[in-house]
> 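Quick one: this structure, given as structure tokens, is what I'll be asking you about.
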2 protein chains.
Amino acid sequence: MVERNDPAPDPLTVLLKATADPTRRAILTLLAQEGPARVTDIAGRFDTSLNAVSKHIKVLENAGLVTRRTDWREHLIEVRLETLGEIDRWFAGLRSIWAQRLDALDDALALERDDDDDHD
Amino acid sequence: MVERNDPAPDPLTVLLKATADPTRRAILTLLAQEGPARVTDIAGRFDTSLNAVSKHIKVLENAGLVTRRTDWREHLIEVRLETLGEIDRWFAGLRSIWAQRLDALDDALALERDDDDDHD
DNA sequence: GTTTCGTTCAACCATACGGGTGAATAACCT
DNA sequence: AGGTTATTCACCCGTATGGTTGAACGAAAC
């Protein structure tokens with residue numbers, strides 16, 4: 001009874017995991033530099049097998065970082081950098097939470113200082 | 001000939017892998033919200049074991065996302081959001097590469113148009 | 001001096017991941 | 001028809017990862 005029905009990894013995790021691999025990042029860079037390319041052409045630029053690259057591209061596709069335009073057997077892979085915005089947004093949220101806390105701390109300190117000034 | 005002498009994982013990969021786990025992101029959020037905390041306190045907020053949280057924190061520490069101030073047995077863990085800037089910078093680089101390519105494309109098209117105008 | 005506390009270390013387990021090889025698919029080109 | 005081309009699919013393999021439990025450490029408190 002394994003009961004692990006977790007086929008719902010949040011998109012942010014999928015995205016970050018996709019970018020966490022050096023080869024995949026290199027693929028993204030290549031696509032950004034040279035525009036849409038076929039799977040085989042991409043694979044030709046790396047020392048890994050075509051098969052491995054195909055799998056990497058599927059991961060990137062699943063994360064929304066690339067799209068595929070299939071002109072029959074030629075699959076044109078295109079980068080979609082907008083997707084990275086999701087990560088940016090998470091960072092921004094985290095930083096805002098952090099800033100809020102610091103502001104609250106500042107307020108608390110200011111209040112203490114006022115108190116001090118008051119009855120000193 | 002696997003030639004695996006040294007993993008030498010680049011810092012960006014370490015960083016992205018560290019943020020790619022939901023529990024670790026939750027830990028970062030918690031620290032941003034409530035400030036530095038002890039390992040045990042952090043673990044108390046999750047349904048995983050203290051041990052697992054300890055390991056997560058080590059991963060975050062190794063990535064430079066948190067620092068540890070050990071006051072003997074109490075390890076105060078503090079978030080360091082500046083480290084995320086490294087990821088931001090990689091994104092920016094990628095986007096700039098992308099933009100450059102589009103500019104080059106634009107130029108090429110403009111040149112073609114000029115050519116057309118010229119000898120028409 | 002024994003207990004308590006906060007944390008890590010050491011095994012161990014199951015699953016995920018990255019990579020490799022070989023077969024399958026499906027249209028185009030002789 | 002037979003071969004080439006572009007890509008995925010189906011396995012197999014080694015290692016990494018996240019989790020668990022239990023022991024160890026070392027000072028502080030009793």
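Chain letters run A, B, ... following the sequence lines, proteins first, then strands; residues in each count from 1.
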> A cation-pi test, strictly: NZ or CZ of B:R95 under 6.0 Å from the centre of the six-membered ring of B:W98 and no more than 45 degrees from its axis. Yes or no?
no
> Can you measure B:D21 atom CG to D:dT17 atom P for me and round it to whole angstrom units?
11 Å
> Can you measure A:L76 atom CG to D:dA6 atom C1' for me and round it to whole angstrom units?
12 Å
> In whole Å, I'd like the distance from the CG atom of A:D41 to the C1' atom of D:dT7.
12 Å
> Taking only nitrogen or oxygen atoms into account, show me every contact under 3.5 Å that the protein makes with nucleotides 20-25 of chain D, one pair per line with its distance.
unit_1 : atom_1 : unit_2 : atom_2 : d
D:dT20 : OP2    : B:S49  : N      : 2.9
D:dT20 : OP2    : B:S49  : OG     : 2.9
D:dT20 : O4     : B:K55  : NZ     : 3.3
D:dT21 : O4     : B:N51  : ND2    : 2.5
D:dG22 : O6     : B:N51  : ND2    : 2.3

> Out of curiosity, B:L94 CG to A:L31 CG, how far, rounded to the nearest 0.5 Å?
9.5 Å
> Nearest whole Å is fine: how far is D:dA6 P from A:I42 CD1?
14 Å
> Charged N to carboxylate O below 4.0 Å: is that the case for B:D10 and A:R25?
yes
> Please confirm whether the shortest side-chain N or O distance from A:S54 to OP1 or OP2 of D:dT7 is below 4.0 Å.
no
> Specify the separation, in whole Å, of atom CG of B:D71 and atom P of D:dG26.
17 Å
> Kindly say whether A:E61 contributes a backbone atom to a donor-acceptor pair with the side chain of A:R80 at under 3.5 angstrom?
no
> Considering only D:dG18, D:dG19, C:dT7, which nucleotide approaches the side chain of B:H56 most closely?
D:dG19
> Drop me the distance from A:I97's CD1 to B:E34's CD, to the nearest 0.5 angstrom.
10.5 Å
> Distance check needed: C:dT7 P versus B:I57 CD1, whole Å only.
8 Å
> Looking at OG1 of B:T19 and CD1 of B:I87, how far apart are the two atoms once the value is rounded to the nearest 0.5 Å?
4.5 Å
> Nearest whole Å is fine: how far is D:dA6 P from A:I77 CD1?
14 Å
> Is a side-chain N or O of B:D71 found less than 3.5 angstrom from the main chain of B:E74, in a donor-acceptor match?
no
> Picking from D:dG26, C:dT7, D:dT7, which would you name as closest to the side chain of B:H75?
C:dT7
> Please state how far atom CD in B:E74 lies from atom P in D:dG26, giving the value in whole angstrom units.
18 Å
> What's the closest nucleotide to the A:R24 side chain, out of D:dT8, C:dG18, C:dG6?
C:dG18
> Among D:dG26, D:dT8, C:dC9, which nucleotide has an atom closest to any side-chain atom of B:K58?
C:dC9
